[in-house]
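Shown next, in structure tokens, is the structure this report addresses.
Index from 1, following the sequence.
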Amino acid sequence: MSKKASGDDIWKNNVEKINSELFTLTYGSVVAQLCRDFQNNYHEVNNQLDKMGYNMGLRLIEEFLAKTGVRRCQTFKETADVVSKLGFKLFLNIQPVVENWSSDNKACTLVIPEPNPLTEFVELPVTADARIGKELWYSQVLCGVLRGALQMVQLDCDVAFVKDVLRGDERTEIRLKLNKVLKDEVPAGED
């Protein structure tokens with residue numbers, strides 16, 4: 001990405017926006033079915049949501065790059081800016097705020113604005129199962145999407161929720177931590 005074009009600038013250029021309503025309306029059913037399938041083992045539900053998101057992220061990055069025309073970012077900070085101002089806007093029509101940068105600029109927090117489209121009409125049934133509010137990260141799919149998409153642009157990152165409004169926190173936060181920049185490698189057998 002050039003120094004002149006930021007996520008805001010690219011968004012202003014008639015980028016085709018994707019309607020996220022179908023995904024957000026059906027997501028609750030997916031989470032509920034996983035809870036039933038894994039007999040309320042919320043750690044396993046989180047793992048399954050993360051895997052689903054990761055696979056989505058691997059594929060969404062191609063669509064994201066095709067629709068936005070964004071070039072390779074030079075820094076992790078620039079990447080986080082593009083993810084918040086373009087990626088989330090394109091796919092969920094929200095714009096998280098990037099804050100709490102580490103001193104080495106290898107970790108930051110994405111603050112998801114309310115209402116989070118995945119949780120807009122959701123209340124966790126904590127009266128039925130007190131563990132759900134302590135163990136389930138309802139929007140875990142977002143962490144998987146981010147991890148998968150970032151890996152496709154050669155960034156190995158840890159992505160995890162640290163706060164969630166559904167759990168009673170004042171806001172929803174996802175922590176991104178850059179582990180390493182992956183080398184551009186041609187897969188074995190391809191030249």
Side-chain angles (χ1 to χ4, degrees), residues 1-27 30 49-102 105-120 137-165 171-182 184:
M1 188 169 120
S2 71
K3 298 235 183 232
K4 294 179 185 174
S6 71
D8 287 328
D9 297 331
I10 294 169
W11 182 253
K12 291 175 190 173
N13 298 333
N14 301 321
V15 174
E16 180 184 339
K17 283 72 172 182
I18 297 169
N19 189 335
S20 62
E21 287 179 13
L22 179 62
F23 178 66
T24 59
L25 289 173
T26 58
Y27 183 72
V30 170
L49 290 170
D50 191 77
K51 286 179 190 176
M52 289 170 54
Y54 177 79
N55 288 324
M56 292 166 66
L58 294 177
R59 289 164 181 80
L60 284 175
I61 193 67
E62 290 179 27
E63 185 172 351
F64 171 80
L65 294 172
K67 289 189 181 294
T68 63
V70 70
R71 292 180 201 79
R72 181 179 291 267
C73 295
Q74 301 302 308
T75 65
F76 186 59
K77 204 167 192 172
E78 188 179 351
T79 301
D81 180 58
V82 169
V83 165
S84 72
K85 292 181 179 171
L86 260 155
F88 274 91
K89 189 80 168 165
L90 180 66
F91 294 110
L92 288 176
N93 198 29
I94 60 172
Q95 187 173 330
V97 175
V98 183
E99 57 182 45
N100 297 327
W101 279 99
S102 62
N105 288 329
K106 290 186 178 183
C108 65
T109 301
L110 291 178
V111 179
I112 306 296
E114 288 302 318
N116 171 350
L118 296 182
T119 64
E120 191 168 2
W137 291 104
Y138 184 85
S139 300
Q140 183 66 33
V141 72
L142 296 178
C143 292
V145 168
L146 286 167
R147 198 170 47 82
L150 290 169
Q151 184 174 326
M152 291 301 290
V153 293
Q154 283 74 44
L155 299 175
D156 175 35
C157 296
D158 290 333
V159 184
F161 274 96
V162 290
K163 293 183 180 181
D164 190 347
V165 170
R171 61 190 197 170
T172 301
E173 297 180 8
I174 299 174
R175 190 76 179 157
L176 299 174
K177 179 181 175 279
L178 176 65
N179 296 321
K180 65 180 176 178
V181 176
L182 303 170
D184 284 328

Any side-chain heavy atom of Leu110 within less than 4.5 Å of one from Ser84?
-> yes
Mind checking whether Cys157 and Leu146 have side chains closer than 4.5 Å, heavy atoms only?
-> no
Looking only at heavy atoms, what is the nearest atom pair of Leu58 and Glu62, with distance?
-> O-OE2, 4.5 Å
For Ile94 and Pro117 the tightest heavy-atom approach is CG2-CD, 3.7 Å
Have a look at Thr172 and tell me which of Leu142, Ile112, Val111, Val162 forms a side-chain contact (heavy atoms from CB on, under 4.5 Å) with it.
-> Ile112
Any side-chain heavy-atom pair of Asn116 and Ser139 under 4.5 Å | yes
Should Ile61 and Gln151 count as side-chain neighbours, where that means a heavy-atom distance under 4.5 Å?
-> no
List for me each residue that meets ring pair (Phe, Tyr, Trp, His ring centres under 6.0 Å) alongside Phe88, sequence neighbours excluded, and say none if there are none.
-> none
Check step by step if side-chain contact (heavy atoms from CB on, under 4.5 Å) holds for Leu182 and Leu155.
-> CA-CA 6 Å; Leu182 303 170; Leu155 299 175; over 6 Å; no
Less than 4.5 Å apart, any side-chain heavy atom of Val98 and any of Thr109?
-> no
Do side-chain atoms of Gln74 reach the backbone of Arg72 as a donor and acceptor pair under 3.5 angstrom?
-> yes
Validation row: Leu176, Phe76 side chains within 4.5 angstrom (heavy atoms) | yes
Over 60° means perpendicular and under 30° means parallel, so classify the ring planes of Phe64 and Phe91, tilted if in between.
-> tilted
Donor-acceptor under 3.5 Å (Asp81 side chain, Lys77 main chain) = no
Main-chain N/O of Tyr138 paired with Tyr27 side-chain donor or acceptor, under 3.5 Å = yes
Testing Val30, Leu118, Asp50 for side-chain contact (heavy atoms from CB on, under 4.5 Å) with Val141, which one passes?
-> Leu118
Counterpart residues, salt bridge (charged side-chain N to carboxylate O under 4.0 Å, His left out), relative to Lys163 (two or more places apart) | Glu170, Glu173
Can you tell me how far CE of Met152 sits from CZ of Arg59, rounded to the nearest 0.5 angstrom?
-> 9.0 Å
Write down the atom of Pro113, the atom of Pro96, and the distance for their closest heavy-atom approach.
-> CD-CA, 3.8 Å
At what distance, to the nearest 0.5 angstrom, does NZ of Lys51 lie from CD of Gln140?
-> 12.0 Å
What's the verdict on side-chain contact (heavy atoms from CB on, under 4.5 Å) for Thr79 and Leu178, showing C-alpha distance, side-chain angles and the deciding distance?
-> CA-CA 11 Å; Thr79 301; Leu178 176 65; over 6 Å; no
Given side chains that start at C-beta, do those of Leu65 and Val70 come closer than 4.5 Å, heavy atoms only?
-> yes
Between atom CG of Asp164 and atom CD1 of Ile174, what is the distance when rounded to the nearest 0.5 Å?
-> 9.0 Å
Give the intermediate values and the outcome of side-chain contact (heavy atoms from CB on, under 4.5 Å) for residues Glu63 and Leu90.
-> CA-CA 10 Å; Glu63 185 172 351; Leu90 180 66; 5.8 Å; no
